[in-house]
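Encoded as structure tokens, the structure appears first; notes follow it.
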Number of protein chains: 2
Amino acid sequence: MMLIRIEPDSEIPIYLQLTHELIELMARGKLKDGDPLPSVRSFAADLGVNMHTVNKAYHELERKQFIQIIPKSGAIVSSISNDMAQFHHERITTALQPVIAEALVIGMSDREIKAVVSSIMKDLRGE
Amino acid sequence: MMLIRIEPDSEIPIYLQLTHELIELMARGKLKDGDPLPSVRSFAADLGVNMHTVNKAYHELERKQFIQIIPKSGAIVSSISNDMAQFHHERITTALQPVIAEALVIGMSDREIKAVVSSIMKDLRGE
DNA sequence: CCATCTGTTCTAATACTATTATAACAGAAA
DNA sequence: TTTCTGTTATAATAGTATTAGAACAGATGG
């Protein structure tokens, strides 16, 4: 049983909420390399969403190389290959840039921004 | 003349690209408190997009309190009121969280993540 | 081997968002 | 008073998100 809650009325699409939640579970170490993910059908039933929505989330995770989908069998969490570091690094930087810019505009100091980042990292690593 | 380039074929909606670009200009100090923004018509003409798309970007910026729209007159960059710090702070944290989680999963160390954040801040503040 | 489970693929419908195009309106500005 | 401004309205198009239902074929386990 996967402890995940979806907000159907969120502005964030369900399949993206799901990818975020699963990545967070990986960050927290609750999903580890090699762990199997639920089948799209059972997971969809648990979450009360459509099979295709879960499938879309899985393919998003596969695109980002966080899981491996074995055709007609299932999906498992996959370790990140080090040689793709550059690929991932660029995505992270691109995603971070507009948020940091916004933080600067609202008047946050470098120290404050780093503190927020540290706080988030601590929360994810802790426990 | 505002030095902004839009990618019409990006996965990111044009109106969001515009908001990001404008916020970045504010972060870089090229748009300062009280500076007027181009009219939605002239800006749209310059960018080669529709008037309504620029208007949507402006209202997105107003919602985030980065500009002030004076009805039937124009829009100006507005300083951030300190008493809204909590409001902004939460948005920043919420936006940052999934990206940090992703960074951790791809194996970035705390030091590396902070380095990327510092690099972005330096780029925005520098020059 | 066989029944079941798996992801895959297809069609289809609905709702919403993004973008563009026109047009008209009323307040602001010069 | 003419021009510029954001505002509002209608409409069309394209794309995305979500759901539904069904069929297919490879994988799995008894």
Side-chain angles (χ1 to χ4, degrees), chain A residues 1-2 4-23 31 34-78 95 98, chain B residues 1-2 4-23 31 34-78 95 98:
Chain A
M1 186 58 128
M2 198 103 358
I4 284 187
R5 286 259 162 269
I6 294 299
E7 297 178 33
D9 295 336
S10 167
E11 73 218 75
I12 301 169
I14 297 172
Y15 82 99
L16 283 184
Q17 291 183 49
L18 233 183
T19 59
H20 292 163
E21 294 273 11
L22 288 172
I23 289 173
L31 276 178
D35 284 354
L37 292 182
S39 79
V40 293
R41 283 183 175 84
S42 65
F43 207 177
D46 284 350
L47 296 172
V49 302
N50 192 274
M51 175 191 68
H52 299 298
T53 305
V54 176
N55 196 244
K56 195 170 184 178
Y58 280 10
H59 279 87
E60 179 71 10
L61 287 169
E62 188 191 35
R63 189 181 67 80
K64 292 187 173 180
Q65 309 187 358
F66 289 145
I67 69 172
Q68 186 182 351
I69 298 177
I70 296 126
K72 284 150 205 217
S73 171
I76 59 171
V77 177
S78 75
Chain B
M1 183 59 125
M2 197 104 359
I4 285 188
R5 287 258 162 271
I6 294 300
E7 297 177 34
D9 296 335
S10 166
E11 73 218 75
I12 302 169
I14 297 172
Y15 82 99
L16 283 185
Q17 289 182 51
L18 234 183
T19 58
H20 292 163
E21 296 273 9
L22 289 172
I23 289 173
L31 276 179
D35 285 353
L37 292 182
S39 79
V40 293
R41 282 183 174 86
S42 65
F43 207 178
D46 284 350
L47 296 172
V49 302
N50 193 273
M51 176 190 68
H52 299 298
T53 305
V54 175
N55 196 246
K56 196 169 183 178
Y58 281 9
H59 277 89
E60 179 70 11
L61 287 168
E62 189 191 36
R63 189 181 65 81
K64 292 186 174 181
Q65 310 188 355
F66 289 145
I67 70 173
Q68 185 182 351
I69 298 178
I70 297 125
K72 282 148 207 217
S73 173
I76 59 171
V77 178
S78 74

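Every chain is numbered from 1, with letters handed out A, B, ... down the list of sequences.
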Examine [N]: is either OP1 or OP2 under 4.0 Å from a nitrogen or oxygen in the side chain of [X]? Give yes or no.
X: B:S39; N: D:dT5; value: yes
X: A:Y15; N: D:dA17; value: yes
X: A:S42; N: C:dC5; value: no
X: B:T53; N: C:dT20; value: yes

Problem set entry | Over all atoms of both residues, closest heavy-atom pair of A:Q17 and A:S10 |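 Closest pair (atom of A:Q17, atom of A:S10, distance): NE2-CB, 3.2 Å.
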Do [X] and [Y] have side-chain heavy atoms sitting under 4.5 Å apart?
X: B:T19; Y: B:F66; result: no
X: A:T53; Y: A:L18; result: no
X: B:I4; Y: B:F43; result: yes
X: B:Y58; Y: B:S39; result: no

Take atom [atom1] of [X] and atom [atom2] of [N], then tell me their distance rounded to the nearest Å.
X: A:I12; N: C:dC16; atom1: CD1; atom2: P; value: 18 Å
X: A:F43; N: C:dT6; atom1: CZ; atom2: P; value: 13 Å
X: A:I76; N: C:dG7; atom1: CD1; atom2: C1'; value: 15 Å
X: A:M51; N: D:dA23; atom1: CE; atom2: P; value: 14 Å
X: A:N55; N: C:dC10; atom1: CG; atom2: C1'; value: 13 Å
X: A:K56; N: C:dT8; atom1: NZ; atom2: C1'; value: 16 Å
X: A:E11; N: D:dA17; atom1: CD; atom2: P; value: 14 Å
X: A:R41; N: D:dT19; atom1: CZ; atom2: C1'; value: 15 Å

Exercise. Would you say the base of C:dT22 and the side-chain of B:H52 have a donor-acceptor pair closer than 3.5 Å?
Worked result: yes
Exercise. What about A:H59: does its side chain form a donor-acceptor pair under 3.5 Å with the base of C:dG7?
Worked result: no
Exercise. Which listed nucleotide (D:dT19, C:dA21, C:dT8) is nearest to the side chain of B:N50?
Worked result: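 Nearest to the side chain of B:N50 among the choices is C:dA21.
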Exercise. Of A:I14 and A:I70, whose nearest nucleotide on DNA chain D comes first from the 5' end?
Worked result: A:I14
